[in-house]
Number of protein chains: 4
Amino acid sequence: MKKIKIAYIGGGSKAWARVFMKDLALAKDLSGEIALYDIDLPAAELNRRIGERINAHPNTISKWDYKVYPEIGTALDGADFVICSILPGTFDEMEGDVHLPEEYGIYQSVGDTVGPGGVLRAMRTVPIYEGFAREIKAHCPDAWVINLTNPMTACTKTLYDVFPEIKAFGCCHEVFHAQEFLSCAVHELMGVPRPHRSEIIIDACGVNHFTWITEANYKGTDLLKILPEFIDKFYEQGYCEHVGSQPQDFRDNPFRYGNKVKMDLFRRFGVLAAAGDRHLVEFLNNGWYIKDKADAESWLFHLTTVAYRKQDRLDKIAQSQRIADGEEQIDVSHSDEEVVELMKALLGLIPPKVSNANVVNVGQMPQLPLGSVVETNCVFAHNSLKPVTSKPLPNDVNALVLRNAINIENTYYGIKARDLNRIFEAFINQPLCSSLTVAQGKELFNKMLAATEAYLKDFYPYTRL
Amino acid sequence: MKKIKIAYIGGGSKAWARVFMKDLALAKDLSGEIALYDIDLPAAELNRRIGERINAHPNTISKWDYKVYPEIGTALDGADFVICSILPGTFDEMEGDVHLPEEYGIYQSVGDTVGPGGVLRAMRTVPIYEGFAREIKAHCPDAWVINLTNPMTACTKTLYDVFPEIKAFGCCHEVFHAQEFLSCAVHELMGVPRPHRSEIIIDACGVNHFTWITEANYKGTDLLKILPEFIDKFYEQGYCEHVGSQPQDFRDNPFRYGNKVKMDLFRRFGVLAAAGDRHLVEFLNNGWYIKDKADAESWLFHLTTVAYRKQDRLDKIAQSQRIADGEEQIDVSHSDEEVVELMKALLGLIPPKVSNANVVNVGQMPQLPLGSVVETNCVFAHNSLKPVTSKPLPNDVNALVLRNAINIENTYYGIKARDLNRIFEAFINQPLCSSLTVAQGKELFNKMLAATEAYLKDFYPYTRL
Amino acid sequence: MKKIKIAYIGGGSKAWARVFMKDLALAKDLSGEIALYDIDLPAAELNRRIGERINAHPNTISKWDYKVYPEIGTALDGADFVICSILPGTFDEMEGDVHLPEEYGIYQSVGDTVGPGGVLRAMRTVPIYEGFAREIKAHCPDAWVINLTNPMTACTKTLYDVFPEIKAFGCCHEVFHAQEFLSCAVHELMGVPRPHRSEIIIDACGVNHFTWITEANYKGTDLLKILPEFIDKFYEQGYCEHVGSQPQDFRDNPFRYGNKVKMDLFRRFGVLAAAGDRHLVEFLNNGWYIKDKADAESWLFHLTTVAYRKQDRLDKIAQSQRIADGEEQIDVSHSDEEVVELMKALLGLIPPKVSNANVVNVGQMPQLPLGSVVETNCVFAHNSLKPVTSKPLPNDVNALVLRNAINIENTYYGIKARDLNRIFEAFINQPLCSSLTVAQGKELFNKMLAATEAYLKDFYPYTRL
Amino acid sequence: MKKIKIAYIGGGSKAWARVFMKDLALAKDLSGEIALYDIDLPAAELNRRIGERINAHPNTISKWDYKVYPEIGTALDGADFVICSILPGTFDEMEGDVHLPEEYGIYQSVGDTVGPGGVLRAMRTVPIYEGFAREIKAHCPDAWVINLTNPMTACTKTLYDVFPEIKAFGCCHEVFHAQEFLSCAVHELMGVPRPHRSEIIIDACGVNHFTWITEANYKGTDLLKILPEFIDKFYEQGYCEHVGSQPQDFRDNPFRYGNKVKMDLFRRFGVLAAAGDRHLVEFLNNGWYIKDKADAESWLFHLTTVAYRKQDRLDKIAQSQRIADGEEQIDVSHSDEEVVELMKALLGLIPPKVSNANVVNVGQMPQLPLGSVVETNCVFAHNSLKPVTSKPLPNDVNALVLRNAINIENTYYGIKARDLNRIFEAFINQPLCSSLTVAQGKELFNKMLAATEAYLKDFYPYTRL
């Protein structure tokens, strides 16, 4: 059994930490220490106590040594893996990101990746990640660093830009949902039970949350060839890949959607967008699918309000508390996440594994700038992560992806230079900002800066344009 | 004196042909034949008669042999140079290009380069240029081909794509206007008479009509450093670089403008856009400078109506007729154009010359796709045109240029494939179409297709989406 | 069970065909037709008869329909896979390739890849492969084409250059030997039984027969880190990875070698050359490891004479005859080859598989020219072969690989143009020709051309310099 | 008149300093200070006194303020231009560079660029240039830095690698000689007096001392088309481009040569090598043109002995002394050098000028690695040096240039890392070392290291392999 140290940065109150700890508890060939660090120390302590509950669970195979560190440096010292999963700012700041643009007719279904909200969130996050990169360089330069925080692309870019020798990648399960969607098509058209997503073999590329599947196959059947029939059948009513869910569930659950945007994009472009519809629309002119709330509903998705997120968070914290206190039983079983499998591949414990990840473009996507962060298939092997060259995107999809990739790069470099003018030009150039005049854009940008000022003032010389 | 054959394709009724013929008449080291070909045969004949008038003029140094050819092949046979200067379709078709989008709130100041009008014009022009490329390959594969037709980028791309060994370049004088504008700044700030534009040394790059000056110098003074002072002085009232003109002249003359857009872009980006403001705004979201007619006026430019163009054309034809008939005297004097100088450089008659031209990107603009057509400085020498590597554009300007460059490429490849769906995706992705919904875009596209159908039906299997 | 058609071009008298047919006989999920074509029709017929023997064998799971075609076109019609495995010319021609250079002090251990022999062999082979590419385009453009013929790089290049949409790759097992060598190191140093080579996970890149392993791992152990100890132990006496063989066996068996060159190169460069030593030395200045026969022996390998090859071939044909006649029993068991596994992956019958292959460089080896053929890891999935980006080679290894890659490209383009002068410049620039004067080079080249003239005169306008 | 400061680093005893000072004395639009710094302080002082003599000369238009600085930092402070022209080590060290390899059958005609001598010289020079780059960064980061020292490519590479924002270029007049050679062809074949080299318009590219002319024109005549006739006429007896010289003069003057190598290379490759034959042969296998002294003579060039250089240097120092003392009159007249003209172009005092220079490859030579230093045409304009994209080299010439370019890069990176093993692999891979065994190479390398040890020991942890 391999003994390793995993530094877990953040994750204080997200359900994801629990999922990860349970997967680790079931990894029979791995053991060691999980070093918990969070700027919210009690949240880290809460995770530690949940860890102990997992250790005590009868299903648990591998017991881990959970420790809370008050300093990031000691948490990182000697780590083999670092997991970064933070919330930059609080949901109060996110409220500005998501809802202020609505005053200017800009609606966002998520608000954490691109669009006005994504830019502001990047402004808060990148300076924090600059610090992470420096700490990792100082304390565990050989560790594999796994980023889970959004905006994924900017976070991963920061890590590499500050510490180019870093061994980092960004992990996101949105592509899995598209595989699930394809697995539904297999079921509906081929008359077989839904296969597991791992049986849907794909080639995908793009930037995180705007990745595209250009090849898909199930046991020798070319799924992109049969998809038109599936779409013809379900275009109107939508189709939800979540087991037990209906397309209309988006009305009650803002994380659900009917995949109608995805189907429409497939009709237009012939390749399958590989993220939830809520993410996809934020990379496109706002006139296309999210002119207003009614437009969104007509495409079978809802806008996720921050009020909802706040309540959801409170619920999750309360649940964590109950688990830690032993008031609620925790169920230790395998999740559908892949992170632990990727770790094993990097440790050389399992054969090389092909999965999608976000890393610096060294040629795997020749259509996008070298040095930008892209999401493609990668081969994970012992101490080795090698991107796989991807099938080129159709010209018109490339136009959409490239525009966003360049905006993300420009946002990043503007933030790196702490130059509000450069950031603003990336902001006003967001597809979601297409309808703004320059004057409106400036006004909105300033309002959004003010709303998040507490998290900017330590890093930026100015906090308004 | 070098004997050459110049094939002049088109140009039947444009004043530019006269300018060119006069410059040739004053070229003491050049002589030979000018082979005139136009699908409008009488227009070519009119040019021939004007040519004879120029030959007879006392200022004329070099008499040329003007011949009209009814077939393009014989006009091209053995040509050393080919000039391409056509109007694709008539102004009736251009009326649809320019004015139909107004029904959807999209205003265009020119309508012949990008934006909805540019896309439709490219649809008419590219198939014609495919024919030109094939004829040149068959009849004069070693000739230097000079394109003057808009959309410049798509025309030049077509020539190279159909006949990769072609020695073609696109020539445009818009950059000259930016040099003139800088010459005004020299005059106003340095207290000297306006220098000739050739004394303003620049580095420029971009795509035609959206080229940017990244370095500018007059006798050792860095002009981009003094420009802010000039702009502070003239931002409000504007400044017109045409001798004897005022900024407000744009109200009567649609080819005039007050350079306020250019000054505003300089303030935003720190580099100088090198085309007339009327062109520049068409490469940007329509909310930025051309939300409507009033917005345009506030930025000191007008929309050029096609009605105006029609009248202007009638006036020019009438004038040509009078000149041919000897009713109006022609003045044979040097123009401010450079084409004849470039020809001399290519013939090795003068030292190598640095000037801007539109050619295939072989690395002169690493930020744009290799193989796309870009405008940069080039060295013209004997039988040799070599692009000069250009200073990289600022990130945020690059985002704007790249988006348009990709759209132009995609428009071209959609037309090459005669695939209306691909063309539409390039159409709806135009910055000027930012405010459209997809449904509106389709409706508008179909209306525009119908308006220009006569010039499409021979080339496209379908003429509506 | 998937029904497919496999066209097998050549292979008339090579043992490899038998191996392949046996692996197919054991593939439980594959069946269909094997279409045999060889310019030596009786040889194809012999293979058919061996196929029938295999069909009749009790171990056989999948019976194939073996058919001999007198025309290549009908053999290819509708094929799902094409195997190309030919001998270009006869061993008489190869005699000139290998032994004429000895008159000028140039010794070759193989003579079929690079060096003077490789260039001449390419001159015979490329024109034949031009024909194959055209036939494949005409008869089975969607087939996967697997090349086994040497020179591997030039053959694969020809296929792609003549028919760019071809789905071709080159397969070679030399890299497997390096994995076996590493498996020996695992055994010797880690005290475990020799693991199967598939457990040695590697990253490799280069050109065929001159590929380098830059990363190697066995269950989490970094093998390149332990290799120095292994080499210190076995450098002097050598080490043979063939089970049951001794390093000194090279004295009797010209396909054996003691891996001393490989160990010496590792000491010099820190990465492991991944082909047999006999191949490696041909990519290097002849003063390095093969100055003469004694030099070769001191490095524990022999020169393979063509006399030996001729006898070996006679033996194999005799054996084939005996098998076909039922005089010798054929043993139907799995080989160590991977081709059938790769075919299954391409058919989507097994999960995506990572293995090394020779394909056009689309960025998997940024150090080598895009468009040249390189060998790296690739992901084989349903109807999809995607090269994996490889770890960059150390600078000094890159210098050696790049020089050869460029020579191979130049040899190819010289042959494509049928231009003996261009081919000669690639010939004289071979590392093995380092010691020649230009005059000697010309003399040798002409002698070698004469020796192979029968196979050149149909393709080249001249057959001497 | 523009006031500038020029820092002149080195040049203590080379005639070139005098030439430069005289050109400056005749530059009517330039004046200011010339700051002299040399590790040999009296040599700098001697130059100062020569400067005073030039100031006093009646032809002098611009008097300069000559100052000697004992510290490099103060010499550089505030400089507008920096000239670097040093001798790394003494001629005693160069004796090892040039003559030790002769013991192994390797002859060198120059020994300062590539080949064994070039590698050792680079080992002495690069660490010094690392210091220069740091001083320039600290004292005059905006200065234009002009390098004249060999090995040119490695020196220029060092400057850019240590201080990437440096504005440096390498200047070499070898290309001028090729222009002169072409001017001879014009004279001999076209029956006109020899034109000035500036009238021979060329496109050239490569690495310094191994640059190739791919296009050449004189007043519209394509010179590469008429060159075969010239070569047929003069191949046997040779042709010397120096006015008043004969091809056989090489027997007495080691800087003369008969251009027979250049003519032979043209016959082989169709493009014209643009450096003296003495340089060219050092980039090629030593069997090609310099197997031994007799071989060199048969190609009409001699090997320059270091004994000759030593005497030549004594003569020049003595002359400098006489000039400084007023015993010998100095003649103040324009030289044929271009450096002062390039400086004027960079100051914006004259129109942009096209000339060849050595700078980092940003795409001007796509066949060579980006980031390596190459020599091509460049446009010199106000505070701007932009490489011109060059015509691609023929494949086989590219193979030769690329091999050397990679070796130079690898030599540089080996030196940067102070890693003798990496340097050795670049050493043994030199074309001039083609005939060596590895063991011979190591022995020779160690001897050469010992001979230059005094200049290595401060920089390298080890001074033998």
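First the proteins, then the strands, lettered A, B, ... as listed; each starts at 1.
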Practice task
Heavy-atom pairs under 4.5 Å with chain B are the metric here; pick the option from D:Ile350, D:Leu346, D:Ile201 that has the most.
Solution key: D:Ile201

Practice task
Let me know which of D:Val354, D:Asn377, D:Thr389 forms a side chain to side chain contact (heavy atoms under 4.5 Å, CB included) with B:Val379.
Solution key: D:Val354

Practice task
Check whether B:Leu347 gets within reach of chain D through its side chain, its backbone, both or neither, counting any heavy atom under 4.5 Å.
Solution key: backbone

Handout entry: Closest heavy-atom pair and its distance - B:Thr221, D:His382
Key = C-CE1, 4.1 Å

Practice task
Decide if atom NZ of D:Lys137 counts as having more than 12 heavy atoms of other residues, nucleotides or ligands within a radius under 6.0 Å.
Solution key: no

Handout entry: D:Asn383 side, atom CG; B:Asp222 side, atom CG - distance, nearest 0.5 Å
Key = 7.0 Å

Handout entry: Residue selection (most heavy-atom pairs with chain B, distance under 4.5 Å) from D:Lys2, D:Lys219, D:Glu215
Key = D:Glu215

Problem - Over 12 foreign heavy atoms within 6.0 Å of NZ, D:Lys63 - result: yes

Handout entry: Contact winner vs chain B - D:Pro387, D:Gly363, D:Ser390, heavy-atom pairs under 4.5 Å
Key = D:Pro387

